[in-house]
Every structure is written in structure tokens, then in C-alpha cells.
J.: 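Quick one: the structure is below, and I'll ask about it shortly.
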Amino acid sequence: MQRTKIVDVINSQPTNEAVTVMGWVKTFRSNRFIAINDGSCMDNLQAVVDFEKWDAVLLKKIAPGAAIAVTGSLAASQGQGQAVELIVDQLEIFGESDPSSYPLQPKKHSLEFLRQIAHLRFRTNTFSAVFRIRHYMAFAIHQFFHERGFYYIHTPVITASDAEGAGEMFQVTTLNLNSIPRTEEGNIDFKKDFFGRAANLTVSGQLEAELAAMAFSQVYTFGPTFRAENSNTPRHLAEFWMIEPEVAFADATDNMNLAESMLKYVIQYVMEHCKSELEFLNQREQDEDKQKPAQERNEMGLLDRLRFVLSNDFERLTYTEAIEILKQSNPNKKGKFQYPIEQWGADLQSEHERYLVEKHFKKPVILSNYPKEIKAFYMRQNDDGKTVAAMDILFPGIGEIVGGSQREERLERLQKRMEELHIPQEEMYWYLDTRRFGACPHAGFGLGFERLILFITGMTNIRDVIPFPRFPGNAEF
Ligand code: ATP
Ligand code: MN
């Protein structure tokens, strides 16, 4: 089918040559003006029909949601905000849409409502903007790493190792759940299962990425990740996408530098390539803010927040320094934190992270050198015997967006830590082999893709930045 995309005609010059545009009707006003959108840009194209020339039955079919093709010439537009409009010569209806049952009316719908019709919400301005930005972000991430000589590694979605996610993993099985084979001891006999052993959906591609980094020096993964944690929060999904670079011959500082430049690169890229989407979302947020009490409004608009992050270095400090700040903070002294900070060693909750970022430093923060007790076994042990070379990046409005570390490359230390945490070493022989054959200092991190989308779009619920969210009690569509 020959069609011209709206993005290619919307700012062109008037022409007598016939142009065909295909898309979905947004609105049809006065039996004359059709607003058509084909998803190639935010803008609708205005098509003008002369209702006297057309059959009334046909005109009735031009209803919101209908898929149509219009052919005609481009004339200078009388209306505002567009250079041209299409004067319709030919009109074809591909698929009608019954206005009495089409759920998307030309009015504002709540995000909660739109989540229930996620199969149609792509057609709204908001989700059209969000998901185009999501695409550009994914593209920017690949470009960022490619430009720097990283290789994209596909790590497995199904994994038999549960070293990281004990208790938080989704099991994968083909066993008949109505008659589960048992061993003589009465345990489930996973030898009879598809893989001959218990298997799960991955919680991270890191361990496998480390193996590849020991050959390619610089690799990254970008794939779906699954957590069966029962977190009904606006920042957690059961299925989300994670970007995990892993770099050989790199230490904790290199790791922070890489993460900071990647985040800035993606933000910059979106600001350059998604101007109208960002302007739309910026305006949307402003309108929403007007409905809210003053203290709940954003101090800075979306575009200003993005510019601000680009033009400032992230604040870098240690966990120990952060604990001191939190201990002395007003909300802590006044008992405003749900989890008061009493002593060194406390795990930081999102309320603490957000205090540091939003109230204290008022910019993104990189926290490093956490107590080893609250971090994973593979993080490199610092000389103080208490902390590991971990780093988390905290963003305003979100909290943790990146979690990473320099990895423990010293075999004995790694084994000792695994022993302490009762992580079976025989099963993980392949991971330990990288420490036996050519171990080197290396580091990496995981960026939650949807958390970064939240920041860049200004959306506030993670369920609104992934097309089909999975969360407890919901796997619709
Ligand atoms: P949190 O403490 O926020 O639950 P985490 O420490 O469990 O996160 P990591 O295991 O460090 O998360 O995962 C790396 C990154 O993946 C996080 O920094 C975050 O951006 C993202 N992430 C983690 N869990 C989720 C989730 N359930 N939904 C969406 N993104 C997530
Ligand atoms: Mn983390």
C-alpha cells in the first residue's frame, strides 16, 4: 500500500499532487474536519471533507477510532498549529468503530482507566508520547554502548541458577502440577522436569554477562527480567527490562563514570529526538499540577528537570556519609520516617533515598561502599572488612534507578563469602571458573529501564511506561 506518513506531510509545503494518508480518526468535527493520527508523530493531520459531496451514510462512518485512508492535495491550513491540511478527494474506510461502544472518547481519561484498556491506550496522546520515547531510549542505549565498543550479549531468560533471587523467582516447569513426581524422600523430582533440574525466570543477566566480559572486555545485556516479589508499588513490576553493562579492567570509579555518562547520553538523546513528545508531557504535567495542592506540585517542570540533570555532576558520597546526613535530618529527628535511621548498617528505604536526592542534595546521587550485609555476595570486599564496592544511583522522584558494583575477583574471598551466605559453590562452578582462569578487576551495574522512562517522561506509575504491565494479580493482555 502506498501511503505517506503524517510526520512527512505535516510540515511540508502545499502541493497539488495527490497524497494518501492512512490512520485512525481522532475526532470528526462539523461533518467537515477529520483529525487523523498514524502514530508517526504526536501531531494529527487535519483532513477536510466537503460534506455536500459525500454520502451521509459514509460520513457517519468517520467516527473516533475508525481506520481510514484519505487522498487529496495539501493546502495551506487555515487552522492554527499546522502548515497544511489535506483536501479530501478520495476516502476509504478500512475499519469502522462504533462510537457508542468505543472506550476512548475525545475527552481526558484517567491513567487508571486507561490501564484497564491497555490494548487501546496506545492511541491516546499520552501513551503515544511515552512509548515513542521508550523506543528512542532503547535505541539510544544501544547506540551509546555500540559507540564505545561494547558488545550486546543475549543472556538466558530461563536459568537454573538461583544464587541471586532466592524466593523472588518465577519457577518454570512442564511438570503436571496435578500429579507432581516425587523422589523417595518425598521431594519434587525435578530430574523428571523439562531441564532435568529446577528452572526459573532470570532476575538478572549479570552473572552470565561477567562470563562474556572475561573475553570481550566490554559487554552489555538488555533484556526482560522477572521478580516474583509482592511489591505493589508505583516503582516495581513483576516483569521489567534491565540494562546491564559489565566491564573488565574497570574499578568502582570507572563504573560510576560509565553509569553517569550513559544516563546523561540517553536523556540528551531524547531531548534532541523527541521534542514534541517532551513538550506534550511537560504541558500535561503542568496541567495536572494545577489540580494539586501547592506542596504536591513539582518544584521544577519536566523539561527543566531533564536540563538540570544534564548540566550537573551527580553527587557522589559513601553510604557512611549518607547515614550521618540521614541521622541528623529533620524527618529522622521528628520521627517522620517510617523506618527511622538509628545506626550504621541500616538498609536504605525509598523514603531515605528520596530525602537525600530531593531534599538534601536536590540532584542525582551516587552512593557507594555499602555494608556487605545488605549487598550481594559477588560485590568486591573493601579493606575495612565491613563494606563492599557497591554503588546505587538515586534519582529524584524515583529513588534507586541503578544498582551496581565492582565485582570480587579474588577467588578465596569470593568463596568465603559464598560459604557465609550458604550459596552452593558446586552449582556455580562456571562462575567461579572466571576467578580461576584469568581473573581481573571488573565492574558493572543494572539500570532499570522503566525507572529511567519514569524520570524522562515525568510519569509517576511504572505501570504506565511499559505497554503491558505485569504485577501481582495482573497479567491481562
Ligand atoms: P529496589 O530496592 O528498588 O526494589 P533492587 O535493589 O531490588 O531494587 P536491583 O536488584 O539492584 O534492584 O536491580 C537493578 C535495577 O533494576 C534497580 O536499580 C531498579 O532500577 C531496577 N529494578 C529492580 N527491581 C525492579 C522491579 N521490580 N521493577 C522495575 N525495576 C526494578
Ligand atoms: Mn539494588
Side-chain angles (χ1 to χ4, degrees), residues 134 137 141 155 159 161-170 200-207 209 220-246 255-256 258-260 262-263 266 314 319 339 346-354 356-357 364-368 370-379 388-407 443-457 459-475:
R134 185 178 166 113
M137 287 174 59
I141 285 164
T155 50
T159 161
S161 103
D162 64 354
E164 272 214 85
E168 288 189 358
M169 301 182 94
F170 288 100
N200 300 296
L201 293 180
T202 183
V203 294
S204 159
Q206 177 201 319
L207 302 186
Y220 70 105
T221 73
F222 187 166
T225 313
F226 307 86
R227 304 259 169 113
E229 54 193 354
N230 200 358
S231 309
N232 257 310
T233 80
R235 298 173 303 107
H236 288 92
L237 289 164
E239 174 180 298
F240 63 101
W241 288 66
M242 188 145 62
I243 295 102
E244 296 176 278
E246 197 63 41
N255 206 27
M256 294 183 207
L258 180 69
E260 182 166 346
M262 179 189 70
L263 292 166
V266 177
F314 296 2
Y319 166 90
Y339 299 88
D347 202 353
L348 298 185
Q349 305 294 327
S350 145
E351 56 180 348
H352 309 127
E353 298 173 344
R354 294 186 60 170
L356 290 170
V357 176
V365 166
I366 310 185
L367 282 189
S368 58
Y370 283 73
K372 64 174 192 235
E373 278 73 26
I374 57 173
K375 289 292 180 187
F377 73 95
Y378 50 71
M379 297 191 177
V388 288
M391 67 131 180
D392 278 7
I393 303 190
L394 316 178
F395 258 45
I398 293 163
E400 179 185 333
I401 191 164
V402 163
S405 70
Q406 186 172 340
R407 317 305 188 191
F445 61 82
L447 162 71
F449 189 45
E450 285 78 16
R451 297 235 178 129
L452 183 57
I453 306 179
L454 281 178
F455 182 74
I456 293 185
T457 59
M459 301 296 282
T460 51
N461 192 319
I462 200 161
R463 297 170 187 180
D464 295 332
V465 297
I466 188 165
F468 302 105
R470 267 61 184 128
F471 51 90
N474 189 81

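Order of listing sets the numbers, starting from 1, for every ligand and every atom in it. No hydrogens, no waters, no symmetry mates; every other heavy atom, side chains included, goes into these values.
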J.: Atom CD1 in I366, atom CG in D392: separation rounded to 0.5 Å?
T.: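 Going from the CD1 atom of I366 to the CG atom of D392 covers 10.5 Å.
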J.: Tell me, do M256 and F314 make a side-chain contact under 4.5 Å, heavy atoms counted?
T.: no
J.: Looking at M242, which atoms of ligand 1 are within less than 4.0 Å of one of its heavy atoms?
T.: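 Within the 4.0 Å cut-off of M242, ligand 1 contributes 13 (O), 14 (C), 15 (C), 16 (O).
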J.: Can you list the atoms of ligand 1 that are under 4.0 Å from a heavy atom of V402?
T.: 18 (O)
J.: Considering distance alone, does some N or O of L237 sit under 3.5 Å from an N or O of ligand 1?
T.: yes
J.: Compare all side-chain heavy atoms of P245 with those of I243 and state whether any distance is below 4.5 angstrom.
T.: yes
J.: Kindly indicate whether the side chain of L207, heavy atoms from C-beta on, has any atom under 4.5 Å from the side chain of Y378.
T.: yes
J.: Should one rank A376, G399, A390, G446 by closest heavy-atom distance to atom 15 (C) of ligand 1, which comes out on top?
T.: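 Looking at heavy atoms only, the winner is G446.
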J.: Of the options L201, T202, V203, which is the one that meets M169 in a side chain to side chain contact (heavy atoms under 4.5 Å, CB included)?
T.: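 Per the side chain to side chain contact (heavy atoms under 4.5 Å, CB included) rule, the option paired with M169 is V203, out of L201, T202, V203.
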J.: Would you mind running through ligand 1 and noting each atom that sits below 4.0 Å from a heavy atom of G403?
T.: 18 (O)
J.: Nearest heavy atom to atom 1 (P) of ligand 1 wins, so pick from H236, R227, E244.
T.: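 Considering heavy atoms of H236, R227, E244, the nearest to atom 1 (P) of ligand 1 sits in H236.
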J.: For Y370, what residues pass the ring-ring contact (aromatic ring centres under 6.0 Å, His included) criterion, not counting sequence neighbours?
T.: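 Y319.
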J.: Relative to ligand 1, is T225 under 4.0 angstrom through side chain, backbone, both or neither, heavy atoms considered?
T.: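 Contact part for T225 vs ligand 1: neither.
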J.: Listed by chain and number, what are the ring-ring contact (aromatic ring centres under 6.0 Å, His included) partners of F455, not counting sequence neighbours?
T.: F395
J.: So, is L447 polar-close to ligand 1, with some N/O to N/O distance under 3.5 Å?
T.: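 No; the residue has no nitrogen or oxygen that sits under 3.5 Å from a nitrogen or oxygen of the ligand.
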J.: In this structure, are over 12 heavy atoms from other groups packed under 6.0 Å from Y339 atom OH?
T.: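 Atom OH in Y339 is not packed in, count stays at 12 or less.
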J.: Heavy-atom pairs closer than 4.0 Å: do any link ligand 1 to the side chain of E450, the backbone, both, or neither?
T.: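 Answer for E450: neither.
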J.: Geometry only, no angles: is I401 polar-contacting ligand 1 at N/O separations under 3.5 Å?
T.: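 Yes, there is a polar N/O contact under 3.5 Å.
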J.: Which is closest to atom 11 (O) of ligand 1 in terms of heavy atoms, R235, Q206, E400, R470?
T.: E400
J.: Hey, which atoms in ligand 1 end up nearer than 4.0 Å to a heavy atom of I462?
T.: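 Counting from 1, the qualifying ligand atoms are 29 (C).
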